[in-house]
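The structure under discussion appears below in the form of structure tokens.
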Amino acid sequence: MASPTVDRVMVEARAASFTKRSIKAASKLRALMLVLSMLDLTTLEGKDSEEKVRSLCRKARRPSEKFEDLPSMAAICVYPRLVATAKRELAGSTVRVASVATGFPSGQYPLDVRLDDTRRAVGEGADEIDMVISRGAFLAGRHGEVADEIRAFKHACGPAHLKVILETGELETLDNVRRASDLAIGAGADFIKTSTGKVQPAATMPVTLVMLEAIRDHALRTGRCVGMKPAGGIAAAKLAIQYLIMVKETLGPLESGGRWLTPEFFRFGASSLANDVLRQIAWVREGRYAARYDFSEA
Amino acid sequence: MTTSPRSTPRPSSRTPAANGAHGPAETPAATDWEYAPAPESLKVAIAPRYGHFIGGAFVDPAPARARSGAPAYFATINPATERTLSEIADGSPEDVDSAVRAARAALPRWAGLDPRNRAKYLFRLARRIQDRARELAVLETLDGGKPIKESRDVDVPLVAQHFFYHAGWADKLPYAFPGRAPRPVGVCGQIIPWNFPLLMAAWKLAPALACGNTCVLKPAETTSLSALRLAEILHEIDLPPGVVNIVTGAGATGAALVEHPGVDKVAFTGSTEVGKRIAKAIAGTPKRLTLELGGKSPNIIFEDASLDQAVEGIIQGIYFNQGHVCCAGSRLFVQEGIAAEVAAKLRIRLASLRVGDPMDKNTDLGAINSRAQLERISRYLAIGRDEGATLHVADRPGACTPADATSGFGRGFFCRPSFFTGVQPSHAISREEIFGPVLAVLTFRTPEEAILRANNSSYGLAAGVWTDKGSKILEIAKRLEAGVVWLNTYNRFDPASPFGGYKESGFGREGGLQGLRAYVTL
């Protein structure tokens, strides 16, 4: 089935309309809690160490020492070498371990290396795999090859959930974003994800809207719900809430209604969003902004 | 670590988010996150009673009228609450006469002013409108019922833009009409509707003033407040007395203005019915006339369109300003193969539109402007159903009744967004202007049929075309009988772009270079 075309001007207008919503009081607090519960707290740097991952894990389990009733985050997202550390640290919690794999972030490795990468991460205990597609193959028009690879990775994942990173910043056009979304969903992705965070632009609202529309159309056609994960560039709680508005107004009217605004179907990939959310929660509860040092770094 | 008591609400513990018991392995509970009320908090001062603005000052209506027994004032209400906001002077022929005299007296100096100085007044007006934008938006929403989101983000910014744009023309008119010597027409009688009260005032006043004319403006009787606030701003910027006069009142006041022998040019925006009466009234006089009247504009969706964005365009086209838009895309033509899909997507999209308190920043559809207008819309909902079309109302399953659209709101005039399917070109709901949030969905099979059906209307104000194919866009746009054709968008306005109709949608253009023509003598 051919993907529908996308008109950039109207997508941008629609995406901008979500930023005009005004979220206040109890509704804002509720949204902030949701954002926190949907966070994939991420560190994907060459300089990552086991100690850094341990402190991230603690942050994900218990986001704040100040407020004890906050939900824990959805997952922490690390490189494969650090999966075992994270798994140990998170034992007994609801926080899941996600690992990037498949030759992250470029995907420019032979298929067997990328498959091995995936199997190892799952073997170390990763609950979720964040894979990258071969953008080179996609842009060269070898869509079938990209789909076959996703199927192979899905198989290699076994019980682990597969998030497919489209790296929309390299796909450039919204037509490509829609095509790649449909392709990933059709090949069995559990989630589709915008970006690695290593390429600019990373997640944007128009791109996410186009991906949500692909998810919605698939749900309407087949009844299967696929999750969405914008990643990279979402550092402010206010922006995160605008993403929730977009999900609510795009997928909320479906029969599957409220399921979409849960960590099962929506995640944020971010490293610095958590503390801004905590600052906003402090503001709603205490009427004043907390200092940056009131919340732990990671 | 804190132990201070918390008074703010805490998240409900039954949500997965709050108890941490979520995870892809479990079935999460549905989330019912709703938006809390977000009312615009600015309070604006509204006087208990307003007179006319004549000769640079507010004056009481002529006493002769009061003596004859008719009340000199009428109430203006907030259509969302039905509460009276203020009392507005009911303009008598005497009031109109003194306004026209004031305009006539001001004409020689204003017309003779160095055009660069006229431009300065317009710039100053535009800047002052921006300064007071929030206040004007609140007033517009209180008096007219449109959502604050639209008055804040569309109406008032466009008003300022319109004055800025025409300020730029004031000293460049010889370049607009090369080789000619443009002179002002004289005293302009301008009658405007209630759907975009301040914006229509700007559309009328800005080109007239830029070209050196003086004006008598009559706002619609349900929405006078923003025009009267504009009068305050005109006073504030020291516009010479009499250059702009504002006389309030209903149809009789408008008729007195049209018939006044001291008026050189009449400009009217409103219904086709009244427009025809005006044309008859001034036939045989030397008065010049421009009319911007009704519409039943076609919005054509081809099967190769970007569908989700086309659906956005349908929403923009018909539900913007509760459908109180003369160029509303009220006839939707969908290529047969995608008709079911478009209807399904439309139903989903309709569910996220929020109808209610116009002052709430999250409201998408506010109040219907008046009880009379709500009754007119209800009548058409019933007619459509009786003609055999199927009514779909936002958030109501299956085939709906007119009551599904209008009931359950308590005080105020409200109507849920709706659309009809199974509409035939002969149905009244596809031929007559409803001026409400009601869409007629029709189908077509070929481009030829689309053009034929789209042009099969007594109106010709605007049209929309949705296709991903550039060549088709150019071909279709050429053949549509409409003053404005929007391609892969709808209801976009810009002061540089001329606006106006074909056929019974009127004549003359407003905005852009072409819009200046009505306000100059060559």
Side-chain angles (χ1 to χ4, degrees), chain A residues 4-11 13-14 20-31 33-34 36-38 65-67 69-72 74 93-94 96 127-128 161 190 209-210 213 216-217 220 227 244-245 248-250 252-254 256-265 284-286, chain B residues 1-2 4 6-13 15-40 149 152-153 304-313 315-316 344-345 347-352 360-362 364 395 466 468 488-490:
Chain A
T5 56
V6 181
D7 181 77
R8 186 180 55 81
V9 174
M10 288 300 285
V11 168
R14 177 65 177 141
K20 302 284 184 187
R21 293 289 190 213
S22 176
I23 303 301
K24 304 238 183 232
S27 176
K28 180 175 176 183
L29 187 60
R30 181 76 197 287
M33 296 290 185
L34 269 176
L36 210 51
S37 74
M38 291 167 166
E65 301 77 39
K66 194 176 168 80
F67 303 116
D69 61 334
L70 303 184
S72 48
S93 81
T94 57
R96 297 163 62 95
D127 304 299
E128 302 171 354
H161 270 224
D190 297 303
L209 177 58
V210 170
E213 284 170 353
R216 180 201 59 199
D217 290 351
L220 285 172
L244 295 190
I245 293 166
K248 177 181 164 66
E249 298 200 11
T250 308
L254 303 190
S256 35
R259 298 183 68 191
W260 298 99
L261 275 178
T262 61
E264 190 185 0
F265 292 110
V284 172
R285 287 193 167 167
E286 299 178 337
Chain B
M1 207 80 63
T2 179
S4 65
R6 300 176 189 120
S7 57
T8 38
R10 294 165 64 161
S12 141
S13 62
T15 67
N19 60 21
H22 65 74
E26 299 122 34
T27 309
T31 323
D32 53 351
W33 178 51
E34 287 300 335
Y35 307 155
E40 163 62 55
K149 187 175 77 173
R152 179 194 68 197
D153 296 343
D304 56 6
S306 299
L307 272 199
D308 283 310
Q309 290 75 56
V311 167
E312 249 355 274
I315 299 285
Q316 267 297 307
K345 284 188 181 248
R347 208 170 289 124
I348 290 172
R349 181 65 179 82
L350 237 50
S352 64
D360 191 303
K361 293 174 199 166
N362 291 326
D364 297 311
D395 280 333
W466 298 82
D468 206 39
N488 291 333
T489 188
Y490 209 95

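Residue numbering restarts at 1 for every chain, and letters A, B, ... go by the order of the sequence lines.
Contacts between A/Leu254 and chain B at a heavy-atom distance below 4.5 Å involve the side chain alone, from C-beta outward. Neither the backbone nor the side chain of B/Arg347 comes within less than 4.5 Å of any heavy atom of chain A. Contacts of B/Asn362 with chain A are made by both backbone and side-chain atoms, with heavy-atom separations under 4.5 Å. Both the backbone and the side chain of A/Ile245 come within less than 4.5 Å of a heavy atom of chain B. The part of A/Lys248 that comes within reach of chain B is its side chain, from C-beta onward, which places non-hydrogen atoms under 4.5 angstrom from that chain. Contacts between B/Lys149 and chain A at a heavy-atom distance below 4.5 Å involve the side chain alone, from C-beta outward. For B/Ala305, the part lying under 4.5 angstrom from a heavy atom of chain A is the backbone only. Using a 4.5 Å cut-off between heavy atoms, A/Asp217 contacts chain B through its side chain alone, with no backbone atom that close.
The nearest pair of heavy atoms linking A/Val11 to A/Leu209 is O-CD2, 3.9 Å. The minimum heavy-atom distance linking A/Lys24 with B/Ala36 is given by the pair O-CB, 3.5 Å.
Shown here are the salt bridge (charged side-chain N to carboxylate O under 4.0 Å, His left out) partners of B/Asp153, two or more places apart in sequence or in another chain: A/Lys20. Taking B/Glu312 as the reference, A/Arg14, B/Arg349 meet the salt bridge (charged side-chain N to carboxylate O under 4.0 Å, His left out) condition, with sequence neighbours excluded.
The most heavy-atom pairs under 4.5 Å with chain B, out of A/Arg21, A/Met10, A/Glu249, come from A/Arg21. Of the listed residues B/Gln316, B/Arg152, B/Glu34, the one with more heavy-atom pairs under 4.5 angstrom with chain A than any other is B/Glu34. Comparing B/Ile348, B/Asp308, B/Asp304 by heavy-atom pairs within less than 4.5 Å of chain A, the highest count is held by B/Asp308.
Remark: the backbone N or O of A/Asp7 is paired with a side-chain donor or acceptor of B/Gln309 at under 3.5 angstrom.
Note: A/Leu261 CG to A/Met38 CE = 5.0 Å, rounded to the nearest 0.5 Å. For the atom pair CD of A/Glu264 and OG of A/Ser37, the computed distance is 12.5 Å after rounding to the nearest 0.5 Å.
Taking the ring centre of A/Phe67 as origin, the terminal cationic atom of A/Arg285 falls inside the region bounded by 6.0 Å and 45° from the ring axis.
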